[in-house]
2 protein chains.
Amino acid sequence: MAGDASLSSSEFPDPGHDHDACRDQAIDRAERLCAGQGARLTPQRREVLELLLAAHQALGAYEIMEGIDWGGRKPAPVVVYRALDFLMELGLVHRLASVNAYVACGHAGEAHGARFLICTDCRTVAEVTSPGIADALVGEAERRGFAVGQLTIEISGVCPHCRGAADG
Amino acid sequence: MAGDASLSSSEFPDPGHDHDACRDQAIDRAERLCAGQGARLTPQRREVLELLLAAHQALGAYEIMEGIDWGGRKPAPVVVYRALDFLMELGLVHRLASVNAYVACGHAGEAHGARFLICTDCRTVAEVTSPGIADALVGEAERRGFAVGQLTIEISGVCPHCRGAADG
DNA sequence: CATATAATGTAATATCATAACAATTCAAGA
DNA sequence: TCTTGAATTGTTATGATATTACATTATATG
């Protein structure tokens, strides 16, 4: 069973929280992860990751392009996609299939069994990890003789903050 | 021959099963559903649905286009998308976000809590309905104050038949 | 330095999906 | 039957997302 304390790391980020600190922390983790794997977090890749971390939202690839400014020029699409591929490979970024968008991962490395709550209003994304449900899904599929590869669980709806703003 | 009847509605369809019968059955259901709602299952829409039913697979919109032949001509993309929109509205077809493809629904109307097992080999799709897990996901999201809209659960992997073919 | 591998630059193109608007068909009432 | 409004279809163009291909540059290593 999921307790109460376990919710803290997977809640929707409070709109008033310290973005900078949480971004720096995540970048730190990303750098350690890369170092550990001999992967290079180049300036381009880092910029894409920072943009996603700062947004706390799902961004489309072309939105990311727009968000990047290299002395007045925008990167070509393929540049962004390459950075995203790299970051996804390491589990630092996830693709949200249901909205064709990308989001920075809060718990890099432990991509296992994660699901995403996507606010259709503010597009904020909460990443929730609860092995129980993921295991149930995987187990059930395997009981049917299905060899599970990738698991996609995405829940669209309205987050607590937007709900509050709208009708509270 | 096909295995236990009890599993038939949620198992992967046996490659040797009677496609025609199962398609006709589904078309029948679709027609009743439309009649009940005052919706019109026009020839175009019906053709798209039949194509998907016959395929037992997820097909991209442009694959559907290719699969349709109107006296030597192919329908425009928008024609296919319109048919798909109609069919999805009625729950006769589902969109699989993780593979940008569409699949005919085995249990029209009861779209509730369905998840999809998608074979990356033969692209066959099994639709599995188990309210328990869906409810757990929705319940947990709502406990976090999230107002659930749409639920996307898609599992990619290798189906029993392809597994058998590949490694014994 | 030489070399191989990884990363980037650039242009073109493939793939998926929708917008806009005209023409036609259909159902239902006058 | 005629008319009228709504639904459906036809057609063209365009928007949005993603990849291919190939040349160039950077980086690590012997």
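Labels below follow one simple rule: chain letters A, B, ... track the order of the sequence lines, proteins then strands, and each chain is numbered from 1. These numbers come from the heavy atoms of this one structure, side chains and all, not from hydrogens, waters or symmetry mates.
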DNA chain C contacts made by residues 55-73 of chain A, counting heavy atoms under 4.0 Å: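 Listed by number, they are A:Trp70, A:Arg73.
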
Distance in Å, B:Arg29 CZ paired with B:Leu53 CG, rounded so as to fall on 0.5 Å steps: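 Rounded to the nearest 0.5 Å, the CZ-CG separation comes out at 8.5 Å.
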
Interatomic distance where CD belongs to B:Glu89 and C1' belongs to D:dT8 [whole Å]: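 To the nearest whole Å, that distance equals 15 Å.
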
Neighbour count >12 (heavy atoms, 6.0 Å) for atom CD, A:Glu89: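 Check fails, neighbour count at 12 or below.
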
Mutual orientation of the aromatic rings belonging to A:Tyr62 and A:Tyr81 [parallel < 30°, tilted 30-60°, perpendicular > 60°]: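 The arrangement is perpendicular - the two ring planes meet at more than 60°.
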
Crowding at CD, B:Gln150 (>12 non-hydrogen neighbours, <6.0 Å):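 Atom CD in B:Gln150 is not packed in, count stays at 12 or less.
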
Candidate nucleotides D:dT11, C:dA6, D:dT19, ranked by approach to the side chain of B:Val79 - the nearest: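 Shortest atom-to-atom distance from the side chain points to D:dT11.
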
B:Gln44 side chain, from C-beta outward: closest of C:dA17, D:dA18, D:dG10: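 When the side chain of B:Gln44 is considered, D:dG10 is the closest of C:dA17, D:dA18, D:dG10.
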
Among D:dT20, D:dT9, C:dT8, the one nearest B:Thr42 by side-chain distance: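 Taking heavy atoms from C-beta onward, the closest nucleotide is D:dT9.
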
Interatomic distance, A:Leu41 CG vs C:dA6 P [rounded to whole Å]: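 Spelled out: CG on A:Leu41 to P on C:dA6 is 17 Å.
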
Distance, rounded to the nearest Å, where A:Gln37 contributes CD and D:dA28 contributes C1':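 Rounding to the nearest Å, CD of A:Gln37 and C1' of D:dA28 are 18 Å apart.
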
Rounded distance (nearest 0.5 Å) linking atom CG of B:Leu137 with atom CG of A:Leu137: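 The CG atom of B:Leu137 sits 6.5 Å away from the CG atom of A:Leu137.
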
Sugar-phosphate, base or nothing in reach of B:Arg82, heavy atoms under 4.0 Å: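 Base contact.
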
Straight-line distance of A:Ile153 CD1 to A:Ile155 CD1, nearest 0.5 Å: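 Spacing of CD1 (A:Ile153) from CD1 (A:Ile155) equals 7.5 Å.
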
Value in whole Å for how far the P atom of C:dT8 lies from NZ of A:Lys74: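 After rounding, the gap between these two atoms is 19 Å.
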
A:Asn100 side chain near D:dA18 phosphate (N/O to OP1/OP2, under 4.0 Å):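 Result: yes.
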
Residue-phosphate contact under 4.0 Å: B:Arg40 side-chain N/O, C:dT25 OP1/OP2: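 No, outside the criterion.
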
Rounded distance (Å) that lies between atom P of D:dA6 and atom CZ of B:Phe86: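 Answer to the nearest Å: 19 Å.
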
Approximate separation, where rounding is to 0.5 Å, of A:Leu52 CG and A:Leu59 CG: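 Reported to 0.5 Å precision, the distance equals 5.5 Å.
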
D:dA18 OP1/OP2 closer than 4.0 Å to side-chain N/O of A:Tyr81: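 For A:Tyr81, the contact criterion (side-chain N or O under 4.0 Å from OP1 or OP2 of D:dA18) is met.
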
N or O in side chain of B:Tyr102 less than 4.0 angstrom from C:dA17 OP1/OP2: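 Yes, such a contact exists.
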
Rounded distance (Å) that lies between atom C1' of C:dG9 and atom CZ of A:Arg45: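 After rounding, the reported distance stands at 14 Å.
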
